[in-house]
Amino acid sequence: MAAKFCRQEAVPQCYNTLRGIIALELLVKGTREIKLQLSSGVLEKFEDYYRELMVWNQRMNLTAIVDYKEAQIKHFLDSLTTALVLPQELRDQGRLLDIGSGGGFPGVPLKLAFPGMHLTLVDSVAKKTAFLAHLVEALELEYVEVCTKRAEDLAMDPRFRESFDVVVSRGVASMRILMELALPFCLVGGMVVTLKKGDISHEVAASIHAMEVLGGRIRESREVDVDGLRDGRVLVVVDKINLSPPKFPRRPGLPAKHPL
């Protein structure tokens, strides 16, 4: 009943107006720059995604970006730039975990572009995971799991610990904190990809110790050179080279209060 009610909420007029005029022109142009080609069916799902996001955003704070054009670039395309560092085999059938997914970024756009991926969306806020569960159903996505739990707790579950090829996160925490939250989910040979913005050299340097403790090693910090996103965006890639010690992550709150 709740999902049905949400789908019937009024949609911002800007969406109805722009839907037929602009479609997803900016997203299509941007994905071509990163050598991705989205089918018409996938583009329709991105439009449905925007619609659901706007409907639910009227009831809870999912995003401050509501403009149709801006959402194409700063939500959808920004998420898809993660593909720049993903090997083809992971695009085809990798296991991907999105920590602090919120409105579904970057996990859901990546799933739409690469439907063979197995996706797990994690957020500690039940209202947000309710939206994510509804979104998965509305977009008819397969092989997607939504978890309402703190990452510190979920990483201790044997079903999730060191079982993902890729762990992604956007805007959740500093690198120093995120390493403790993310690396325990990665299998050895997997990787963590964080979406950052601005001069992050000091942030990355400060996180090297945490990486080493958790079994990670920095691979690269790749600047995003895509029209509309040339504002200092960076993909930081950390390889998982050793098992994470069993005591990490520490109990909820400690990684943020006392970073490694």
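Just so it is clear, the values below take in all heavy atoms, side chains as well, and ignore hydrogens, waters and symmetry mates.
Under the 4.5 Å side-chain heavy-atom criterion for ILVMFWY residues, no single connected hydrophobic cluster contains both Phe164 and Leu96. When hydrophobic clusters are built by joining Ile, Leu, Val, Met, Phe, Trp and Tyr residues whose side-chain heavy atoms come closer than 4.5 Å, directly or via intermediates, Leu235 is not grouped with Leu183. Linking ILVMFWY residues whenever their side-chain heavy atoms come closer than 4.5 Å, directly or via other members, leaves Val172 and Val193 in distinct clusters. A continuous path of hydrophobic side-chain contacts links Phe114 to Val136 [ILVMFWY only; heavy atoms under 4.5 Å].
Of the possible polar contacts, one joining the Arg176 side chain to the Leu260 backbone as a donor-acceptor pair under 3.5 Å is found. Asn242 places no side-chain N or O within 3.5 Å of a backbone atom of Gly215 that could act as its donor or acceptor partner. In this structure, the side chain of Glu33 engages the main chain of Asp227 through a donor-acceptor pair within 3.5 Å. Between the Asp199 side chain and the Ser201 main chain, a donor and an acceptor come within less than 3.5 Å of each other. Not a single donor-acceptor pair under 3.5 Å links the side chain of Asp239 to the backbone N or O of Arg217. Formation of a donor-acceptor pair under 3.5 Å by the Lys45 side chain with backbone atoms of Leu139 is found in this model.
Between Thr129 and Cys147, the closest heavy-atom pair is CG2-O, 3.6 Å. In this structure, Arg161 and Pro249 approach most closely via the heavy-atom pair NH1-CD, 3.9 Å. Taking each heavy atom of Leu110 and Met117 in turn, the nearest pair found is O-SD, 4.5 Å. Met191 and Arg219 make their closest contact through SD-NH2, 3.3 Å (heavy atoms, listed as atom of the first residue, atom of the second, distance).
Within 6.0 Å of CZ in Arg230 there are more than 12 heavy atoms belonging to other residues, nucleotides or ligands. Enclosure of atom CD in Gln93 is not indicated, since only 12 or fewer non-hydrogen atoms of other residues, nucleotides or ligands lie within 6.0 angstrom. Environment of CD in Glu223: sparse, with no more than 12 heavy atoms of neighbouring residues, nucleotides or ligands closer than 6.0 Å. When the shell of 6.0 Å around CD of Gln88 is examined, it contains more than 12 heavy atoms from other residues, nucleotides or ligands. Residue Glu89 qualifies as enclosed at atom CD: its count of foreign heavy atoms under 6.0 Å is above 12.
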Criterion ring-ring contact (aromatic ring centres under 6.0 Å, His included) on Tyr49 and Phe76, from CA distance to verdict: CA-CA 10 Å; Tyr49 187 174; Phe76 298 154; 5.2 Å; yes
Worked check of side-chain contact (heavy atoms from CB on, under 4.5 Å) between Leu97 and Val166: CA-CA 6 Å; Leu97 174 75; Val166 188; over 6 Å; no
Audit row: Val188, Leu243, side-chain contact (heavy atoms from CB on, under 4.5 Å) steps and yes/no: CA-CA 6 Å; Val188 174; Leu243 293 173; 3.8 Å; yes
side-chain contact (heavy atoms from CB on, under 4.5 Å) between Arg233 and Leu195, worked out: CA-CA 7 Å; Arg233 291 171 195 254; Leu195 288 74; over 6 Å; no
Tyr68/Glu47 under side-chain hydrogen bond (donor to acceptor under 3.5 Å, both in side chains): CA gap, chis, key distance, verdict: CA-CA 10 Å; Tyr68 186 56; Glu47 287 213 339; 2.7 Å; yes
Glu142 and Lys111: CA distance, side-chain angles, deciding distance, salt bridge (Lys or Arg N to Asp or Glu O under 4.0 Å) verdict: CA-CA 9 Å; Glu142 298 182 334; Lys111 174 65 178 177; over 6 Å; no
Worked verdict on Phe160 versus Phe185 for ring-ring contact (aromatic ring centres under 6.0 Å, His included): CA-CA 6 Å; Phe160 295 95; Phe185 286 106; 7.2 Å; no
Worked check of side-chain contact (heavy atoms from CB on, under 4.5 Å) between Leu80 and Leu27: CA-CA 10 Å; Leu80 292 176; Leu27 178 60; 4.1 Å; yes
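Taking 4.5 Å as the limit, some side-chain heavy atom of Met179 sits within range of a side-chain heavy atom of Val192. Here the side chains of Val168 and Thr194 are not in contact, with every heavy-atom distance at 4.5 Å or above. Side-chain contact between Gln72 and Phe46: absent, with no pair of heavy atoms (C-beta onward) separated by less than 4.5 Å. Asp78 places a side-chain heavy atom less than 4.5 Å from the side chain of Arg170. Counting heavy atoms from C-beta outward, Phe248 and Arg250 have side chains that approach closer than 4.5 Å. Put simply, the side chain of Ile200 does not reach to within 4.5 Å of the side chain of Met175, judged on heavy atoms. The closest side-chain heavy-atom distance from Val236 to Ile218 is below 4.5 Å. Using a 4.5 Å heavy-atom cutoff, the side chains of Val237 and Arg222 are not in contact.
Arg95 has no carboxylate O lying under 4.0 Å from a charged side-chain N of Asp165, or vice versa, which leaves the two without a salt bridge. Salt-bridge check for Glu25 with Lys29: failed, with every basic side-chain N at 4.0 Å or more from each acidic carboxylate O. Between Glu203 and Lys196 a salt bridge is recorded (basic side-chain N to carboxylate O distance below 4.0 Å).
In this structure, the separation between CG on Leu132 and OG on Ser101 is 5.0 Å, given to the nearest 0.5 Å.
In this structure Ser244 satisfies the side-chain hydrogen bond (donor to acceptor under 3.5 Å, both in side chains) test together with Lys240, sequence neighbours excluded. For Ile177, the side-chain contact (heavy atoms from CB on, under 4.5 Å) partners at least two apart in sequence or on another chain are Ala173, Ser174, Leu181, Pro255, Ala256, Pro259.
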